[in-house]
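Since the structure comes first, as structure tokens, the remarks are kept for the end.
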Amino acid sequence: MTFKSLVLIIAIMAVLSSMSHASDPSPLQDFCVAVDDSKNAVFVNGKFCKNPMDVTADDFFRPGLNMAGNTSNQLGSAVTAVNVNNLAGLNTLGISLARIDFAPYGLNPPHTHPRGTEVLALFEGTLYVGFVLSNPGPNMKNKLFTKILHPGDVFVFPVGLIHFQFNVGKTNAVAFAGLSSQNPGVITIANAVFGSDPPINDDVLAKAFQIENKVVDYLQSQFWWDNN
């Protein structure tokens with residue numbers, strides 16, 4: 001191996017290594033409390049930041065996760081998220097949290113978090129959870145990983161992969177999830193595909209799902225509930 005070849009290999013490995021860190025960037029200071037009014041901002045680090053001299057303990061505090069979400073909806077579930085949009089002190093820290101409540105047989109439907117890995121801990125009830133891998137090679141199916149969770153169990157959903165949680169018990173279930181982004185985002189698959197505005201063309205969906213156009217029309221006419 002020549003010296004030039006060795007240098008090239010090292011350079012390629014360095015680039016690939018830097019690309020592999022797909023999470024929020026590290027903070028450049030101790031904290032950066034988000035503020036909507038840029039006129040009152042002093043530093044910029046992900047969002048406009050409140051003047052450190054004006055920061056108080058309340059900027060890092062949010063009550064209410066002891067309260068159950070309202071699961072009286074079509075899905076029988078409710079997600080109470082705590083992220084940079086409602087807890088300003090999370091800005092630049094690369095984490096967020098959610099409480100997920102389930103009625104009996106309630107579902108947190110298939111969805112993805114484009115910017116964060118999720119680790120879920122079950123506190124009450126019994127959940128059937130799982131995620132699907134990204135597209136494999138030709139003539140192969142996307143692999144599904146599932147598990148039945150009981151109180152005290154923990155399960156991880158890798159960043160960007162489609163996943164779900166379903167209450168298979170006859171009682172309520174409660175879980176808490178930590179996510180590796182201050183604003184991980186949510187794309188609920190059914191809502192995004194059949195409830196977009198404006199609607200995706202019938203022919204596109206009919207061909208993609210190998211169904212008739214009238215089935216697409218029916219699905220697009222439904223009310224797609226957002227449990228977040």
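Positions are given from 1 along the sequence. It should be emphasised that the depicted structure is a prediction, and the values quoted were computed from it without experimental measurement.
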Value rounded to 0.5 Å, distance of [atom1] in [X] from [atom2] in [Y]:
X: Ile187; Y: Thr112; atom1: CD1; atom2: OG1; answer: 4.0 Å
X: Asp203; Y: Asn201; atom1: CG; atom2: CG; answer: 4.5 Å
X: Leu179; Y: Glu118; atom1: CG; atom2: CD; answer: 5.0 Å
X: Asn83; Y: Leu90; atom1: CG; atom2: CG; answer: 7.5 Å
X: Ser196; Y: Leu205; atom1: OG; atom2: CG; answer: 7.5 Å
X: Ser77; Y: Asn172; atom1: OG; atom2: CG; answer: 12.0 Å

Check whether [X] and [Y] end up in the same hydrophobic cluster, where Ile, Leu, Val, Met, Phe, Trp and Tyr are linked by side-chain heavy atoms less than 4.5 Å apart.
X: Ile95; Y: Phe176; answer: yes
X: Phe131; Y: Phe102; answer: yes
X: Ile200; Y: Ile162; answer: yes
X: Leu120; Y: Val186; answer: no
X: Val204; Y: Val193; answer: yes

- request: Start with the C-alpha gap between Asn167 and Leu107, add the side-chain angles, then the distance that decides, and say whether side chain to side chain contact (heavy atoms under 4.5 Å, CB included) holds.
  value: CA-CA 6 Å; Asn167 183 4; Leu107 171 69; over 6 Å; no

Short side-chain to backbone donor-acceptor contact, [X] and [Y], under 3.5 Å:
X: Asn86; Y: Ala81; result: yes
X: Asn183; Y: Val84; result: no
X: Arg99; Y: Leu65; result: yes
X: Asn191; Y: Trp225; result: yes
X: Asn213; Y: Asp217; result: no
X: Gln210; Y: Lys207; result: yes

message: Could you check, using the six-membered ring where one of them is a Trp, whether Tyr128 and Phe166 have ring centers closer than 6.0 angstrom?
response: no

- request: Would you please indicate if the ring centroids of His163 and Phe157 are separated by under 6.0 Å?
  value: yes

Could you pull out the closest heavy-atom pair between [X] and [Y], with the gap in Å?
X: Val159; Y: His113; result: CG2-O, 3.9 Å
X: Gly116; Y: Ser181; result: CA-CB, 4.3 Å
X: Thr71; Y: Ala103; result: OG1-CB, 3.6 Å
X: Asp54; Y: Lys50; result: O-CD, 3.7 Å
X: Leu75; Y: Asn73; result: N-OD1, 2.9 Å
X: Thr80; Y: Gly69; result: OG1-CA, 4.4 Å

Heavy-atom side-chain proximity of [X] to [Y] below 4.5 angstrom:
X: Val82; Y: Ser96; value: no
X: Val55; Y: Phe60; value: yes
X: Pro109; Y: Phe164; value: no
X: Leu161; Y: Leu133; value: yes
X: Leu127; Y: Ile148; value: no
X: Thr117; Y: Val156; value: yes
X: Gln220; Y: Gln222; value: no
X: Asn108; Y: Asn227; value: yes

- prompt: Gln182 and side-chain hydrogen bond (donor to acceptor under 3.5 Å, both in side chains): which partner among Thr92, Asn85, Asn91?
  reply: Asn91

statement: The residue among Tyr218, Phe223, Phe209 that forms ring pair (Phe, Tyr, Trp, His ring centres under 6.0 Å) with Phe194 is Phe209

- prompt: Has Glu212 got more than 12 heavy atoms of other residues, nucleotides or ligands less than 6.0 Å from its CD?
  reply: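 12 or below, so no.
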
task: Please step through side chain to side chain contact (heavy atoms under 4.5 Å, CB included) for the pair Thr126 and Leu149, ending with a clear verdict.
output: CA-CA 6 Å; Thr126 306; Leu149 302 187; over 6 Å; no

